[in-house]
Amino acid sequence: MTTTPQTPDDATSLVSRNPADPSDVVAEFTAPGAFATADATDRARAAQTGWLHGGAAARSFALSAVAGAVEAAAEELAGLAVREVGKPIAEARAEVARTVAIWRYYAQAPYEPTGAVHETAAGPGLLLTRRRPHGVAGLITPWNFPFAIPSWKAAPALAAGNTVVLKPAPEATACARRLAEIAQRFLPSGVFTVVPGGPTEGGALLSTADVVSFTGSTAVGAAVVRAATARGIPVQAEMGGLNAAIVLPDADIERAAAHIASAIAGYAGQKCTATSRVIAVGAALEPLREALAEAVRALPVGDPADAATVCGPLISAWARDRVGAVPADVSVLATGATCDGPGWYAAPTLVEKVPQSHRLLGEEVFGPIAALLPADDLADAVRISNSVPYGLVTSVHTADLGTALRGLDRLDTGMVRVNAPSTGVDFHLPFGGAKASAHGPREQGHAAMEFYTSSRTYTLAP
């Protein structure tokens, strides 16, 4: 991603490039600036009353139509994700399919109850609770899931009767615009708006929206939370991860190694749910060490347009240089294939003998590198897993569900996945982390409908 200095009208020219071939310019656009972003929020606010009062059937029909149109354009959208953000085609197709499912799931939400009726404590009358939309939902989204994350924020917000202003990451602007073009065919004017740009536009959206949902880095997310909290508006922030995979001696080692390798380097590790630490318990260490090293070496690395590719390019030259330079004070256990293409590639890497104070054990990696760590027993593994500032997801690999259950409640992560990769999202269930990984209510499922609405209590006296 490259930028040019700001012009006098507060606009910035931006270029989005293909990570697999940086000479391929995917999109050139001008960020509109703060005033234009505020205008977009004003237009969304003006459209919100009509969108809400149009009724549940109209909202349900529109969201269902969006799902159908995304499904019809699935191959085009997958190809765009490959080209703009370097997502391997198999993952891109899976993301588009998930996007369809998300819009279809929330298309039923307008018909769900929005409150309850209660008896009074004494005497005649009724007590009612009712959930109502906030108004304009400001959505700030990352580049790594350019269709699914904007959708799992926008669809519930719209289903609840809010309007949406989406500020995508600059690297995924073409994807966001194409999603908006599809959605706007079925939504009234002003109901779904995309504002491209960077911090200026994001700051203006924070200053004008009625509810804010953010996904991105921990540093930026903390600033978003501070700004929204100062205004007194609802905010949720899904941020970084430094996720662990715990492997017990009774696990299916080959299966665990395959799951973990894909979670380390799938999409070049550019997922907040990627595995960065592999904790081998007791006798699991040596067989896992061998199996995981072999699995990492075998991962297909290359052109994301190739259906066989698991690990494609990183999003930028800066990301490639940061991840590709393996620190000298660790031991490299295994290195995967490299790609000679023009893109920003880094080889999948497994390291060991990492000092406790090393940045690999304290900072989010966001690349295809992970550390193998030994643990004496399950309690020690839980301690190691919990020793970082983040708490998004932990995967646990074991043949004994009883052992897993005894350890699960001691993990301070928002999600635990047993005998499955740390990566993967069930869109109909709450998604979110603990500690520095998240702030505020959960995303997805019924939790999203609650976040995008506020509860009111009515007393009806005769």
Side-chain angles (χ1 to χ4, degrees), residues 1-45 80-81 83-86 136-147 149-150 153-154 164-181 183-184 190 192-209 212-228 231 237 239 270 313-322 343-344 366:
M1 193 64 177
T2 61
T3 63
T4 59
Q6 287 199 337
T7 56
D9 64 355
D10 194 34
T12 302
S13 297
L14 301 170
V15 178
S16 175
R17 298 183 182 276
N18 181 347
D21 180 6
S23 66
D24 176 21
V25 175
V26 181
E28 297 181 71
F29 58 95
T30 299
F35 290 113
T37 302
D39 286 343
T41 306
D42 288 342
R43 291 193 298 274
R45 186 166 290 109
L80 183 57
R83 186 178 172 217
E84 187 170 38
V85 299
V136 178
L139 312 180
I140 302 174
T141 58
W143 49 263
N144 58 338
F145 287 86
F147 299 118
I149 292 180
K153 294 179 187 293
V164 163
V165 178
L166 168 64
K167 207 297 290 180
E171 296 88 343
T173 298
C175 289
R177 282 180 159 174
R178 187 67 187 101
L179 178 64
E181 287 171 0
Q184 287 165 353
F192 189 163
T193 305
V194 170
V195 176
T200 297
E201 290 71 25
L205 187 56
L206 276 172
S207 298
T208 53
V212 170
S213 180
F214 167 88
T215 299
S217 72
T218 300
V220 176
V224 167
V225 169
R226 288 194 298 270
R231 288 188 59 219
M239 299 175 280
Q270 298 175 120
L314 279 90
I315 192 63
S316 67
W318 176 86
R320 184 267 319 276
D321 294 343
R322 178 176 179 271
W344 297 311
F366 227 63

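Positions are given from 1 along the sequence.
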### Message
Let me confirm one number: the OG1-CZ distance from Thr200 to Phe35, rounded to the nearest 0.5 Å.
### Response
11.0 Å

### Task
Report yes if some heavy atom in the side chain of Ile140 is under 4.5 Å from a heavy atom in the side chain of Leu205; otherwise report no.
yes

### Donor-acceptor contact below 3.5 Å, side chain Arg83 vs main chain Asp24
no

### Value rounded to 0.5 Å, distance of CH2 in Trp344 from CG in Asn18
8.0 Å

### Query
Heavy atoms, side chains only, cut-off 4.5 Å: are Val136 and Val165 in contact?
yes

### Message
My understanding is that only residues two or more places apart in sequence, or in another chain, count here; which of them pass salt bridge (Lys or Arg N to Asp or Glu O under 4.0 Å) with Glu28?
### Response
none

### Query
If only atom types and distance count, is the side chain of Gln184 paired as donor or acceptor with the main-chain N or O of Phe192 below 3.5 Å?
yes

### Summary
Partner of Met239 under side chain to side chain contact (heavy atoms under 4.5 Å, CB included), picked from Thr218, Thr215, Val220, is Thr218

### Query
Can you tell if the side chain of Leu139 reaches within under 4.5 Å of the side chain of Pro150, non-hydrogen atoms only?
no

### Over all atoms of both residues, closest heavy-atom pair of Ala38 and Thr208
CB-CG2, 4.1 Å

### Message
Side chains of Phe366 and Asn144, heavy atoms from C-beta outward: is any pair under 4.5 Å?
### Response
yes

### Task
Identify the heavy atoms of Ala40 and Thr193 that sit nearest to each other, and give their distance.
CB-CG2, 4.1 Å

### Query
Between Lys167 and Gly138, is there a donor-acceptor pair closer than 3.5 Å when you use the side chain of the first and the backbone of the second?
no

### Task
Determine the minimum heavy-atom distance between Pro170 and Gly197, stating which atoms define it.
CG-O, 3.2 Å

### Query
What closest approach, in Å, do Pro313 and Ala20 show between heavy atoms, and which atom pair accounts for it?
CG-N, 3.8 Å

#### Entry: Residue pair Val194 / Arg177: nearest heavy atoms and the distance that separates them
CG1-CG, 4.4 Å

### Task
Check the side chains of Glu201 and Thr37 for a donor-acceptor pair under 3.5 angstrom, ignoring hydrogens and angles.
no

### Query
Do Val85 and Pro146 have side-chain heavy atoms sitting under 4.5 Å apart?
yes

### Message
Nearest 0.5 Å, please: how far is CZ in Arg178 from CG in Leu80?
### Response
8.5 Å

### Closest heavy-atom pair and its distance - Gly221, Ala237
O-CB, 4.3 Å

### Task
Determine which pairs satisfy salt bridge (charged side-chain N to carboxylate O under 4.0 Å, His left out) with at least one residue from residues 31-42, sequence neighbours left out, and list them in order.
Asp42-Arg45

### Query
Heavy atoms, side chains only, cut-off 4.5 Å: are Pro32 and Pro196 in contact?
yes

### Message
With a 3.5 Å distance limit and no angle check, can you tell me whether Glu84 reaches the backbone of Cys175 through a side-chain donor-acceptor pair?
### Response
yes

